[in-house]
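Worth knowing before you read on, the calculation uses all heavy atoms, side chains too, and leaves out hydrogens, waters and symmetry mates. FYI, the numbering just counts along the sequence from 1.
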Amino acid sequence: MAFSSLEDPSLERHFKGHRDAVTCVDFSLNTKQLASGSMDSCLMVWHMKPQSRAYRFTGHKDAITCVNFSPSGHLLASGSRDKTVRIWVPNVKGESTMFRAHTATVRSVHFCSDGQSLVTASDDKTVKVWSTHRQKFLFSLSQHINWVRCARFSPDGRLIVSASDDKTVKLWDKTSRECVHSYCEHGGFVTYVDFHPSGTCIAAAGMDNTVKVWDVRTHRLLQHYQLHSAAVNALSFHPSGNYLITASSDSTLKILDLMEGRLLYTLHGHQGPATTVAFSRTGEYFASGGTDEQVMVWKSNFDVADYGEVSKAHRPPTTLASSARNLPEVDFPIPPDRSRNLESGQSQPQEPISMPQTLTSTLEHIVGQLDVLTQTVSILEQRLTLTEDRLKQCLENQQLIMQRTTP
């Protein structure tokens, strides 16, 4: 696509409701909901439809650090400084199940693409994998020697990648539970990591102001970007795999063209550090959050053909899956001011277009109902266990009273 045909990203709308820094954002599959977590311990679920009321979920006892919708969009996982993970049904009731996942702050939660498992990462230096149903602990990965900031499944669910304050990115085989490779090129804490939609590459962000892209098969460093003037806190791949967006403590978002290895846009929207950023599942929108307590939703505009194709399939198209193999090798220093700089507040809110196929909608609905049913059973099991514990305690108390009254 020629550079001249690109349209600039535009600020679609912004949401205000958090009372402290926004730490994480994630879109549901159909882009109808956007979840955000904050240092204020609240989880917000915003509706993209104008004039719709947001849901405010309370339950965590400390700052929320991470949030992720299940692949179907009918469950929502959050992690917190209170050492727990909660799995919510994102409706008006906001019911959730809670489990104590780690012995320190939970930094990251991510569902596998089949929705059956969940990976968490923590300041206790471990990465843990859980079954979504009943939140059963499956196994732990523990070779990091400092806080683990982020852990993500590969698109096919066979690999896990983790980023840590020990300055390494580690690639794990989910089946053998062994570390396949450690990437040690970062000069500081690694704040975030994610897989390219094709599953052949990973990108990692660091406190050393850099973004690095590696091939997970050859383990070669493919691209190195030093574009921000402060720590890079988060990144997100466009579903086409052609673009990467970053959020930095220098208050900017930057959009990179991975095919040409260059900076496309620098977006100025947040007052203070930009802490989080995420593309919608189609790539038509992206959301960002910052220490200014704001959640901003932007319309991508710059890659209409790609996200049009993606929205039809609801997954990265196979024709683009090989694109990662052709990523050029670049070492990108801080550039001259040729990138397009955009200020926030460019356009009026519009209702996003979402036209899922009838069959897809029906299947999504069925999967969603199964998710909700699973969650309901899990809640009932927890209540039953609680009732059993209370009954046991009552019986024990009754026995003690009988022993005391017996002469």
Side-chain angles (χ1 to χ4, degrees), residues 1 3 6 8-9 25-27 110 149-150 152 154-155 161 163 169 183 185-186 190-206 208-216 220-228 230-250 252-267 269 274-289 298-303 305-307 310 316-317 320-335 339-340 342:
M1 186 179 287
F3 191 79
L6 296 174
D8 296 343
V25 290
D26 193 40
F27 282 97
H110 185 234
R149 300 252 180 180
C150 185
R152 312 280 290 187
S154 60
V161 69
V169 171
Y183 304 90
E185 285 91 339
H186 272 284
V190 191
T191 54
Y192 201 92
V193 68
D194 201 4
F195 279 92
H196 185 276
S198 68
T200 58
C201 296
I202 52 170
D208 59 1
N209 310 356
T210 67
V211 171
K212 299 180 193 294
V213 181
W214 291 277
D215 188 308
V216 297
R220 284 173 61 202
L221 178 65
L222 293 179
Q223 297 185 345
H224 168 92
Y225 297 92
Q226 191 161 355
L227 304 168
H228 288 286
V232 185
N233 299 314
L235 53 79
S236 180
F237 280 103
H238 187 278
S240 68
N242 295 341
Y243 304 95
L244 184 73
I245 189 166
T246 58
S248 169
S249 292
D250 65 12
T252 68
L253 308 175
K254 289 183 187 283
I255 297 169
L256 313 176
D257 183 332
L258 297 175
M259 293 299 103
E260 296 190 18
R262 66 170 174 175
L263 176 65
L264 277 185
Y265 301 104
T266 296
L267 308 179
T275 52
T276 179
V277 69
F279 274 110
S280 65
R281 300 296 203 264
T282 62
E284 188 176 1
Y285 296 91
F286 57 92
S288 62
W298 309 74
K299 200 158 198 280
S300 302
N301 295 329
F302 55 82
D303 200 18
D306 280 345
Y307 73 59
V310 173
L320 293 169
S322 63
S323 61
R325 295 166 200 166
N326 306 317
L327 285 184
E329 293 189 34
V330 296
D331 190 347
F332 204 130
I334 295 173
S339 64
R340 303 184 182 188
L342 301 174

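- Using a 4.5 Å heavy-atom threshold, the side chains of His238 and Ile245 count as separate.
- Just one of Glu185, His196, Arg220 meets the side-chain contact (heavy atoms from CB on, under 4.5 Å) condition when paired with Trp214; it is Glu185.
- Annotation: the span from Ile255 atom CD1 to Leu227 atom CG amounts to 12.5 Å, rounded to 0.5 Å.
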Legend entry - side chain to side chain contact (heavy atoms under 4.5 Å, CB included) between Phe237 and Leu258, intermediate numbers included: CA-CA 10 Å; Phe237 280 103; Leu258 297 175; 3.5 Å; yes

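- Remark: His186 NE2 to His224 NE2 distance equals 9.0 Å, nearest 0.5 Å.
- Side-chain contact between Thr252 and His228: present, with at least one pair of heavy atoms (C-beta onward) separated by less than 4.5 Å.
- Side-chain atoms of Leu256 and Leu263, non-hydrogen and from C-beta on, do get closer than 4.5 Å to each other.
- Under the side chain to side chain contact (heavy atoms under 4.5 Å, CB included) criterion, Ser288 pairs with Leu253, His270, Val277, Met296, Trp298, sequence neighbours left out.
- With rounding to the nearest 0.5 angstrom, the NZ atom of Lys212 is 12.5 Å from the CG atom of Leu222.
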Legend entry - Test side chain to side chain contact (heavy atoms under 4.5 Å, CB included) applied to Val190 and Tyr183, step by step: CA-CA 11 Å; Val190 191; Tyr183 304 90; over 6 Å; no

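- Here the side chain of Asp215 pairs no donor or acceptor atom with the backbone of Cys201 at under 3.5 angstrom.
- For Asn233 against Ser248, the heavy-atom pair with the smallest separation is ND2-C, 3.7 Å.
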Inset, instruction - Take Tyr225 and Val232, measure what side chain to side chain contact (heavy atoms under 4.5 Å, CB included) needs, and give me the verdict at the end. - result: CA-CA 11 Å; Tyr225 297 92; Val232 185; over 6 Å; no

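- In this structure, Tyr243 and Ser300 have side chains that are not in contact, with every pair of non-hydrogen atoms separated by 4.5 Å or more.
- Side-chain contact between Val161 and Val169 is present, with at least one heavy-atom pair separated by less than 4.5 Å.
- Annotation: side chain of Arg281 is in contact with side chain of Asp26 (closest heavy-atom distance under 4.5 Å).
- Side chain to side chain, Ser236 and Asp194 fail the donor-acceptor criterion of an N or O pair below 3.5 Å.
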